[in-house]
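The analysis underlying the following values was restricted to heavy atoms, covering all of them including side chains, and did not include hydrogens, waters or symmetry mates. Every value quoted in this text rests on a predicted model; they were computed, and no experiment measured them.
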Amino acid sequence: DDVRVVNIGKESGASLPVAFYGIIWDEEIADPAALIDKHLARPIERIDGVGVVNLLGRTQPEVYIEVDRALADAAGVEMVDLVQRLAQANFTMASGTVQDRDGKYLLRSLASFERVEEMGEVVVSPQGLRLREIAQIDMRPPDVERYDRYNGHPSLVMAVVKESKANTVEICDAIKAAIDEAKLHP
């Protein structure tokens, strides 16, 4: 009676990373994620035999929808209904949250909007009310839940997984060469 979820999985040694690297940067760098992507992650992803490059500890901007509860109540829009309508709106956008004074509702979607402003056009009531009429919508960094630091510097971890048939030694040598190249663009 106490068991609610049972997960049974199968793992392969081929899905384990062959290399882990800690990446640090000076806090003065305006957009370290863009530099890391351009000069490190993408070149490593292009190495023949690399399956995936995971950057752990990275924060991506999220969509925030802050609902004016008084306006929503006046329009007869319930938060649960609002979240359901947004989930049904054929999204392909990054996940985010809908927030009101009673709490935060997680919004996971697959968004097809080019700009955050387009989300404001989503109809959220049978009367044709649009989201922008009862909420403020924007992209922002997520709330900081943890700080990853190494010797006092912001950091993240890069884990590289090779393709199953690739030679581990050759992949690791190619990763080291890509890192040496990235060091030329600090």
(message) For a side chain to side chain contact (heavy atoms under 4.5 Å, CB included) check, start with the C-alpha distance between Ile36 and Leu156, then their side-chain angles and the critical distance, and finish with the verdict.
(response) CA-CA 10 Å; Ile36 291 167; Leu156 56 84; 4.2 Å; yes
(message) Less than 4.5 Å apart, side chain to side chain, heavy atoms only: is that true for Asp180 and Lys183?
(response) yes
(message) Side chains of Glu121 and Leu131, heavy atoms from C-beta outward: is any pair under 4.5 Å?
(response) no
(message) A side-chain contact here means heavy atoms from C-beta on lying under 4.5 Å apart; do Val160 and Pro17 qualify?
(response) no
(message) What I'd like to find out is whether the side chain of Ile134 reaches to under 4.5 Å of the side chain of Asp68, using heavy atoms alone.
(response) no
(message) I want to check something: taking the side chain as every heavy atom from C-beta on, are Leu35 and Trp25 in contact at a cut-off of under 4.5 Å?
(response) no
(message) Do Val53 and Met158 make a side-chain contact, defined as non-hydrogen atoms from C-beta onward lying under 4.5 Å apart?
(response) yes
(message) Rounded at 0.5 Å granularity, tell me how far NE2 in His153 sits from CD1 in Ile23.
(response) 14.5 Å
(message) Quick check for you: to the nearest 0.5 Å, what is the distance between Ile47 atom CD1 and Asp173 atom CG?
(response) 10.0 Å
(request) Starting from the C-alpha separation in whole Å, work towards a yes-or-no answer on side chain to side chain contact (heavy atoms under 4.5 Å, CB included) for Val124 and Asp81. (result) CA-CA 8 Å; Val124 294; Asp81 296 334; over 6 Å; no
(message) When you group the ILVMFWY residues by side-chain heavy-atom contacts below 4.5 Å and let the links chain together, are Leu40 and Leu55 in the same group?
(response) yes
(message) Just verifying a value: how many Å separate Asn151 CG and Arg149 CZ, rounded to the nearest 0.5 Å?
(response) 11.0 Å
